[in-house]
Protein chains: 2
Amino acid sequence: MTRPPPEPAPRTAPRRRDARATRARLLASAGEVFAQHGFRDANLRQICAHARANLGAVRYYFGGKQALYREAFFAAYREVFAGEPMPRLADDDDPAAALSTWMRWFLRMLLIRRAAHPYLSRLLARELAQPSEVLDEIVALVVAPARDELERVVAALIDADARSREVEEKTHLVIFLCLQFEMAQPVLERLGVPRSRTPEAVDALAGRLLRFALAGLRA
Amino acid sequence: MTRPPPEPAPRTAPRRRDARATRARLLASAGEVFAQHGFRDANLRQICAHARANLGAVRYYFGGKQALYREAFFAAYREVFAGEPMPRLADDDDPAAALSTWMRWFLRMLLIRRAAHPYLSRLLARELAQPSEVLDEIVALVVAPARDELERVVAALIDADARSREVEEKTHLVIFLCLQFEMAQPVLERLGVPRSRTPEAVDALAGRLLRFALAGLRA
DNA sequence: CCCGAAGTCAAACGCCCGTATGACTCGTCC
DNA sequence: GGACGAGTCATACGGGCGTTTGACTTCGGG
C-alpha cells in the first residue's frame, strides 16, 4: 500500500522525479508544521505546499496523516541525537565527573542542538500534553536508557543500590532539573527568563546546575 | 450578546429552568472534555451532551468555543486554589521553615487537590505545549506571584539580593523541582514511577525534595 | 520504440464541527 | 390570564480537511 523508504543508495544521478527527495521534503515540512500547530491543527495541504509536493503524496508515501506524524517525529529525533550519542558513563571513574559529563551533554541536546531542529522539542511537549502511542516508543527508546545510565552514576555517587527507591527518585530529579529548561520554556519566557543559546552560556548553566544537583544528591 | 454570569444569589427556590445550574454544568463538562482531548479535539456536542445542555447553550452563555475554554480554565483554577491560598512567607522567621511550608503547599496543590479537579493540570500541560492567551493570564495571575514570594525566601536562604540573577535562577529550580511531578507525569507513568496520592506520601515526598533543594540552594 | 511501473497531480467526496437561526416553552409580573 | 423575556431546542449552513480516485507524466528496460 504505502511505498517503503526507497533504496538507501541512489544508483544513478539524481532523477528529475526523485522519490527519496520528495519523501525527505515531506518529512521535514511535516516536522516543522506539526511542531508549530500540533497534530490536529496541522493540515496536510500546508505541509505539502511547503514541501512542494502534491497532497496525494502523503497517502502515496506514508498512508495517512497519523503515519506521517510518527515518521516525522522519529526522523527529527534521529537527526538530533545521531550526531552526538549519549556518553557512556559506567566507564568513568569519578561519579561526579560522570554526572557532569551527562548533564552537559543533555543540556547541549536540549538547548543547542535544537537549533538544528527547532521543532523536536515542541513535538515532545505536545506529546507530554497529549500522549499518543509515539510517546510510548520515545520513552522506551530514549528516556528509559538515559535514565538507566544516569541511575548508575547516581547510585555510585550516593553509594546506594542502583535499584533502590532513593536512587530512582533522585535520578529523576536530575533529569527533570535539566529538562525543565525545555518543557517549561513557554512559562520561563513569560517570566522574562532569557534562554541560554551559546555553547558558553549553556556550559555555565550546566556548571551551576551541577553544583545544585551534586549538593542535593549528597544531602 | 452573551449572557453574563447570573446573579450571585438565587432569590427563589431552584427553578426548573435554572440558568446558573446549566452554566455551571457546561463549565464543568467543558473543563473535563477540554482536558481530555485538548481544545481542538474537544467538540461542543460532546460537551453539551455531557452537561445535559443544548448545543445552542454554548453560544447563549459564552458566545463561542474559545470563550468557553477560557472560562472553564479559570473556573477550574479558582476552585483548586481558592480553598487553600498560597501561604505568605515573608512573615516567617526561619527561611528553611518557610521553604518547607511553601513546597508542601505547592505539592499538595499539585498532587492532592488535583483529585478535586483532575483536569486542571492537563489543561496547564496543554497550554505549555501550545500557549494561548490564557497562559499569559495564568502566568501573570498565579505563577509570577508565587515566584516573587518564593524569591524572597530563597534570597534570605542564600543571603543574596532578591533581584540577583542567582536568586532568580535558583527560585525557578525549586519551582520546577516540584512542578515536574505535574508536568512530566505522562513520562513518569511510562517509566513506572508511582504517583504519591495520599497526604502522608506527599508530605514524605515534600520532605525529601526539601532536603534536596536546601542542599542545592546552599551549595 | 513501446510498455509497464513509479511518481505526480487536480479534483472531488464525505465527514466533522462551530456557528447561526428561529421557533417553542416555560416562569414571572402586571 | 396575557404578555414579555429568559432559557431551551432542533435544524440547517458553511467551511475546513483527510481521504480517495483516476488520469497524466516520466523513467527504465526489453
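Order of the sequence lines fixes the chain letters, A, B, ..., with proteins taken first and strands second; residue numbering starts at 1 for each chain.
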Item to check | Partner residues of Asp136(B) under the salt bridge (Lys or Arg N to Asp or Glu O under 4.0 Å) criterion, sequence neighbours left out | outcome: Arg190(A)
Item to check | Partners passing side chain to side chain contact (heavy atoms under 4.5 Å, CB included) against Ala30(B) (at least two apart in sequence or in another chain) | outcome: Phe34(B), Ile47(B), Leu68(B), Ala72(B)
Item to check | Protein proximity profile, nucleotides 16-22 of chain C - base contact B, sugar-phosphate-only contact S, no contact -, cut-off 4.0 Å on heavy atoms | outcome: -BBBSB-
Checklist entry - Under 4.5 Å between any side-chain heavy atoms of Gln180(A) and Leu173(B), yes or no? => result yes
Which donor-acceptor pairs under 3.5 Å do the side chains of residues 137-147 of chain B make with protein atoms, sequence neighbours left out?
residue: Glu137(B); atom: OE1; partner: Arg70(B); partner atom: NH2; Å: 2.8
residue: Glu137(B); atom: OE2; partner: Arg70(B); partner atom: NE; Å: 3.0
residue: Glu137(B); atom: OE2; partner: Arg70(B); partner atom: NH2; Å: 3.3

Checklist entry - Atom CZ of Arg20(A) and atom P of dT8(C): how far apart are they, to the nearest Å? => result 13 Å
Next on the checklist: Taking only side-chain N and O atoms of Thr22(B), does any of them lie within less than 4.0 angstrom of OP1 or OP2 on dT8(D)?
Outcome noted: yes
Checklist entry - Taking only residues two or more places apart in sequence or in another chain, which ones pass side chain to side chain donor-acceptor pair (under 3.5 Å) with Gln66(A)? => result none
Checklist entry - When the distance from OH of Tyr61(A) to C1' of dT19(D) is rounded to whole Å, what number comes out? => result 18 Å
Item to check | Nucleotide dC9(C), atom C1' - distance to CZ of Arg52(A) in whole Å | outcome: 16 Å
Item to check | Distance in angstrom units between Tyr60(A) OH and dC9(C) P, rounded | outcome: 13 Å
Item to check | All side chain to side chain contact (heavy atoms under 4.5 Å, CB included) counterparts of Pro87(B), not counting sequence neighbours | outcome: Leu89(B), Thr101(B), Trp105(B)
